Amino acid sequence: MHHVTRPFPWFSRLLVLASVATLAACASGPNANPRDPLEPFNRGMTDVNDAVDGAVLKPVATVYRDITPDPVRTGVNNFFQNLGDVWSFINATLQLRPREAAENFLRFNVNTVFGVAGLFDVASEMGLERTRLDFGQTLGRWGVPSGPYLVLPLFGPSSIRDAAGFSIESRGDLVQGLSDIPMRNSLYVLRAVETRANLLRATNLLEGAALDKYSFTRDLYLQRRESQIDDLKDKGIGLKDAAD
């Protein structure tokens, strides 16, 4: 029997936990943010994530940034961005955005063939723009509400809708499809370290500027996602204008 490895088995448990926390949301008190009824759970998860980040992810990412030549880091980033273009193509198609779908489809093929598996971003040099689109945005574009704010283990800020979209995309991750387990796990680690390294400067600025980092991060995330969804609805095909 062929066994399929699932890299995120915690996700279904997380949604159950979130549902239970929602029922207990009254413990947050009358001054709770209505978009964050899970705040006690979210703050606890944020503390766990910060502890893991401080002990492992940030130090490793800092060393990686300091010792890795810029051309190598650029190639690594291009490689994973190229894999992401596949899901951007799928989401653009689902959102009825033919131009973005065509551009991302062409980007992936051009960079995979002529950019040495995506290590070089040849498509951008050709004028093919990258539009990063995820399944959470697709759900929002078709009217699915965001639901409560939710902090995911390791992955951080999200919402019930975005977490569901993330779960779907993770099951179609091209890295997950690799049969070579050591290679697959190495790519998972490399992607996590590269992503964290790209966020080092922003994290340092956030820690120095925010009085309450949790509230600042939550509000920034929710406002940004709301703005993205509104933009998709305004520019999308197949939805009525806001004035209708």
Side-chain angles (χ1 to χ4, degrees), residues 5-11 14 42-88 107-108 111-112 115-125 130 132 134 136 150-158 162-163 166-167 169-218 220-221 224:
T5 302
R6 299 186 183 277
F8 302 105
W10 47 264
F11 191 81
L14 178 64
N42 287 333
R43 283 188 179 273
M45 186 55 64
T46 298
D47 291 340
V48 171
N49 287 345
D50 286 347
V52 173
D53 182 69
V56 180
L57 294 179
K58 187 175 181 179
V60 172
T62 301
V63 172
Y64 168 79
R65 178 199 61 187
D66 292 343
I67 69 174
T68 306
D70 287 341
V72 174
R73 282 200 57 200
T74 298
V76 170
N77 185 66
N78 286 341
F79 174 79
F80 289 116
Q81 291 283 343
N82 187 52
L83 296 183
D85 286 343
V86 175
W87 267 107
S88 293
R107 281 188 58 85
F108 175 75
N111 284 339
T112 299
V116 192
L119 293 176
F120 300 96
D121 188 2
V122 179
S124 290
E125 298 297 327
R130 168 180 284 126
R132 175 65 64 225
D134 59 63
L150 178 65
V151 177
L152 300 176
L154 298 182
F155 294 94
S158 186
D162 292 344
F166 172 77
S167 177
E169 290 195 359
S170 69
R171 294 176 184 275
D173 186 0
L174 294 181
V175 174
Q176 180 186 343
L178 292 175
S179 59
D180 187 327
I181 295 178
M183 174 65 73
R184 182 178 64 202
N185 291 339
S186 297
L187 288 176
Y188 278 139
V189 172
L190 180 58
R191 180 164 58 186
V193 172
E194 172 63 25
T195 299
R196 186 61 184 90
N198 287 332
L199 296 173
L200 285 172
R201 184 172 181 273
T203 302
N204 292 335
L205 291 175
L206 176 62
E207 291 175 348
L211 297 177
D212 182 359
K213 188 174 69 171
Y214 171 81
S215 296
F216 182 85
T217 301
R218 176 196 62 201
L220 182 64
Y221 177 85
R224 176 175 174 271

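Heavy-atom basis, side chains included; hydrogens, waters and symmetry copies ignored. Given the structure is predicted, the values throughout are model-derived calculations rather than measurements.
In the model, D85 has no side-chain atom that pairs as donor or acceptor with a side-chain atom of Q81 under 3.5 Å. For the 3.5 Å distance criterion, the side chains of T62 and R196 fail to qualify, holding no donor opposite an acceptor.
Looking only at side-chain heavy atoms (C-beta outward), N42 and R218 stay at 4.5 Å or farther from each other. The side-chain heavy atoms of N82 and F108, taken from C-beta on, include a pair separated by under 4.5 Å. Proximity of T46 to K213: side-chain heavy atoms (C-beta onward) are nowhere separated by under 4.5 Å. Side-chain contact between V151 and R43 is absent, with no heavy atoms from C-beta onward closer than 4.5 Å. Side-chain contact check for M45 versus L150: every heavy-atom pair is 4.5 Å or farther apart. Between L190 and F79 the shortest side-chain heavy-atom distance does not fall below 4.5 Å. Taking the side chain as every heavy atom from C-beta outward, D50 and Y214 never approach each other to under 4.5 Å. Counting heavy atoms from C-beta outward, R73 and N198 have side chains that approach closer than 4.5 Å.
Between S158 and A163, the closest heavy-atom pair is OG-N, 3.2 Å. The minimum heavy-atom distance linking E194 with Y64 is given by the pair OE1-OH, 2.6 Å. Of all non-hydrogen atoms in P59 and A55, the two that sit nearest each other are CG-O, 3.9 Å. Closest approach of N49 and L154 over heavy atoms only: OD1-N, 2.8 Å. G115 and V122 get closest at one heavy-atom pair: CA-CG2, 3.8 Å. In plain terms, the two heavy atoms of A197 and A61 that are nearest each other are N-CB, 3.7 Å.
Residue R224 qualifies as open at atom CZ: its count of foreign heavy atoms under 6.0 Å is 12 or below. More than 12 heavy-atom neighbours from other residues, nucleotides or ligands sit within 6.0 angstrom of OH on Y221. When the shell of 6.0 Å around CG of D180 is examined, it contains more than 12 heavy atoms from other residues, nucleotides or ligands.
Partners of N78 by side chain to side chain donor-acceptor pair (under 3.5 Å), not counting sequence neighbours: none found.
To the nearest 0.5 Å, atom CD of residue E169 and atom CD of residue Q176 are 12.5 Å apart. Taken to the nearest 0.5 Å, the CG atom of D173 stands 8.5 Å off from the CZ atom of F166. Put simply, CG on N77 and CG on D70 are 11.5 Å apart, with the number rounded to the nearest 0.5 Å. Rounded to the nearest 0.5 Å, atoms CG (D134) and CG (D162) are 6.5 Å apart.
A donor-acceptor distance shorter than 3.5 angstrom exists from the side chain of R132 to the backbone of G84, with no hydrogens or angles considered.
Of the listed residues (T195, L187, V189), just one forms a side chain to side chain contact (heavy atoms under 4.5 Å, CB included) with R191, and that residue is T195.
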*Going through the distances and angles, do S179 and R184 end up as a side-chain hydrogen bond (donor to acceptor under 3.5 Å, both in side chains)?*
CA-CA 8 Å; S179 59; R184 182 178 64 202; over 6 Å; no
